[in-house]
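See structure below.
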Amino acid sequence: MTKIFRRTLLAALSVAAITASVPAAAQDFKPRIIRFGYGLVEDSNAGRAARFFGQEVEKASGGKMKVRAIGNAALGSDVQMQQALIGGAQEMMSGSTATLVGITKEMALWDTPFLFNNAKEADVVLDGPVGQKVMDKLQEKGLVGLVYWENGFRNLTNSKRPIAKVEDMDGVKLRVMQNNVFLESFKSLGANAVPLPFSELFSALETKTVDGQENPYNTILSSKFYEVQKYLTVTNHVYSPWILLVSKKWWDGLSKVEQKVLLDAAKKSRDFERQDTRAEAGRALAELKQKGMLINELSPAEAGRMREKLMAVHTSIAAGVGQDLWKETQDELAKIRAAK
Ligand code: TK8
């Protein structure tokens, strides 16, 4: 073997070695721009998780898939974005499951007041067979659900008066998410419930079009509701998930490898988001107090009365989502509670 031949052979081998070290899946990626919308400001738990998701997708696709995370409902409210996904005009979003009830009635399960006693229960049920079943129902409507993020336990704020008992809700104009469960729940407490998209909420509070709203501490803080709301009542009346959605029209055109990249990154973003949200929620109440909000807790007796009124809507939720799904959820919760 001549020297020159040997060198050429080595060079050829090293090219082969490089080629082999590139993931075999490289040819499965096409350059893609993913418009990912969400409703909160960029400096929020939703914003941080959206950016984290984007980084994971870019990393795993060798930069072929790029996520443009766009907050502040700049791509539209939750409902508008869902329609854009269904039509194929937008690729991805994260938003409240509550606004999906009009599309998939089973989603109302997550609006059940006091369904979960703590975040651990929510994780187990949402990530388990019940959560998957509800998510899979979206497919026939043109949406693919990937994972649930934590929005969190919701609490009441308003600009009128401290809510110390159910009767204090009388006549309070309260913005609720756009579905019948929320409407019915707050009407049963005596509030004047008004459904509004989140994207219109701050200005509605500012102009006193509504007196109050309910959302997790994180959102009350990141959306600066403390600037237009004086009173915060700790109610933890329902646990809200967010859901990561993909346009099915667009999803069906992806390779299996691309789909897997999105799903894996979504799962990582879920773990990141829940941890981040819980850490922030732990300090948010003190921050809201510092910003000037007056915070009160209900006495155990009054909390019990409010709970009782809200529990009354369970019957109609069970009918709405179907008795089988309702029972399956209750059975799973009983199992989780018994395992302690
Ligand atoms: C943001 C909403 C928000 C939700 C609401 O787009 O509407 O109150 O809690 O997080 O999805």
Side-chain angles (χ1 to χ4, degrees), residues 35-50 69-85 90 92-104 107-108 110-113 115-116 119 122 126 138 143 145 147-158 173-183 185-186 191 193-205 209-226 228-229 232 235-245 270 273-274 276-277 280-281 284:
R35 280 157 301 177
F36 183 114
Y38 58 95
L40 269 55
V41 293
E42 283 179 17
D43 188 12
S44 65
N45 52 344
R48 289 187 292 275
I70 303 164
N72 250 317
L75 293 182
S77 67
D78 282 10
V79 171
Q80 288 167 331
M81 288 196 287
Q82 289 155 18
Q83 293 308 323
L85 260 60
Q90 181 184 326
M92 287 191 71
M93 66 172 286
S94 83
S96 173
T97 52
T99 48
L100 283 167
V101 174
I103 293 175
T104 296
M107 282 287 163
W110 314 130
D111 299 330
T112 306
L115 181 66
F116 301 129
L126 290 164
L138 293 167
L143 295 167
V147 292
Y148 296 99
W149 284 355
E150 173 160 296
N151 188 350
F153 282 99
R154 303 177 78 89
N155 291 285
L156 270 178
T157 70
N158 86 95
K173 247 186 154 183
L174 190 85
R175 175 271 177 174
V176 293
M177 290 195 281
Q178 296 147 285
N179 81 41
N180 284 334
V181 176
F182 271 89
L183 211 57
S185 294
F186 284 97
V194 186
L196 262 188
F198 183 82
S199 49
E200 288 168 30
L201 180 51
F202 186 91
S203 74
L205 292 169
T209 306
V210 293
D211 306 314
Q213 63 88 43
E214 42 84 54
N215 254 297
Y217 298 146
N218 307 63
T219 299
I220 298 168
L221 189 62
S222 63
S223 296
K224 296 191 166 42
F225 288 160
Y226 54 82
V228 287
Q229 297 279 273
L232 189 159
T235 49
N236 291 312
H237 51 272
V238 67
Y239 176 96
S240 264
W242 278 321
I243 186 167
L244 236 73
L245 297 173
R270 172 188 66 199
E273 194 271 350
R274 285 179 183 164
D276 176 62
T277 298
E280 186 185 47

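Remember, it's 1-based here, ligands and their atoms both numbered in the order they're listed. Note: hydrogens, waters and symmetry copies are ignored here, and every other heavy atom, side chains too, is used. Not measured: the values here are computed from a predicted model.
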Please state whether Leu40 comes within less than 4.0 angstrom of ligand 1, counting heavy atoms only.
->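 Leu40: in contact with ligand 1 (<4.0 Å).
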Should [X] and [Y] count as side-chain neighbours, where that means a heavy-atom distance under 4.5 Å?
| X | Y | answer |
| --- | --- | --- |
| Ile243 | Leu138 | yes |
| Trp110 | Leu100 | no |
| Phe198 | Leu40 | yes |

[atom] - nearest protein heavy atom and its distance:
| atom | value |
| --- | --- |
| atom 9 (O) of ligand 1 | Asn215 OD1, 2.7 Å |
| atom 7 (O) of ligand 1 | Arg175 NH2, 2.9 Å |
| atom 3 (C) of ligand 1 | Phe198 CD1, 3.8 Å |
| atom 6 (O) of ligand 1 | Asp78 OD1, 2.7 Å |
| atom 10 (O) of ligand 1 | Trp242 NE1, 2.9 Å |

Enumerate the atoms of ligand 1 whose separation from the nearest heavy atom of Ser96 is less than 4.0 angstrom.
->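 Going through ligand 1 atom by atom, the ones under 4.0 Å from Ser96 are 11 (O).
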Nearest heavy atoms of Asn45 and Glu150, plus distance in Å =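 So the minimum-distance heavy-atom pair works out to ND2-O, 4.1 Å.
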Name the one of Thr209, Asn215, Leu205 that satisfies side-chain contact (heavy atoms from CB on, under 4.5 Å) with Arg175?
->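 Among Thr209, Asn215, Leu205, the one meeting side-chain contact (heavy atoms from CB on, under 4.5 Å) with Arg175 is Asn215.
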Please confirm whether Arg154 comes within less than 3.5 Å of ligand 1 when only nitrogen or oxygen atoms on both sides are compared.
->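 Yes: some nitrogen or oxygen of Arg154 is under 3.5 Å from one in ligand 1.
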Just by modelled atom types, is the Ser96 backbone N or O under 3.5 Å from a matching donor or acceptor in the Asp78 side chain?
->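 Pair found, side chain donor or acceptor close to backbone of Ser96.
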May I ask you to decide if Asn236's main-chain N or O and Asn155's side chain share a donor-acceptor pair within less than 3.5 Å?
->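 Yes; at least one donor-acceptor contact below 3.5 Å.
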Looking only at heavy atoms, is any part of Asn151 under 4.0 Å from ligand 1, and if so is it the side chain, the backbone, or both, or is it neither?
->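 The answer is the side chain of Asn151.
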Is Gln213 touching ligand 1 with its side chain, its backbone, both, or neither, if touching means heavy atoms under 4.0 Å apart?
->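 No part of Gln213 is near ligand 1 at this cut-off.
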Interatomic spacing from CG in Leu174 to CZ in Phe186 - rounded to 0.5 Å |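 With rounding to 0.5 Å, CG (Leu174) is 6.0 Å from CZ (Phe186).
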Between the candidates Gln178, Glu214, Met177, which shows the shortest non-hydrogen contact distance to atom 5 (C) of ligand 1?
->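 The option holding the nearest heavy atom is Met177.
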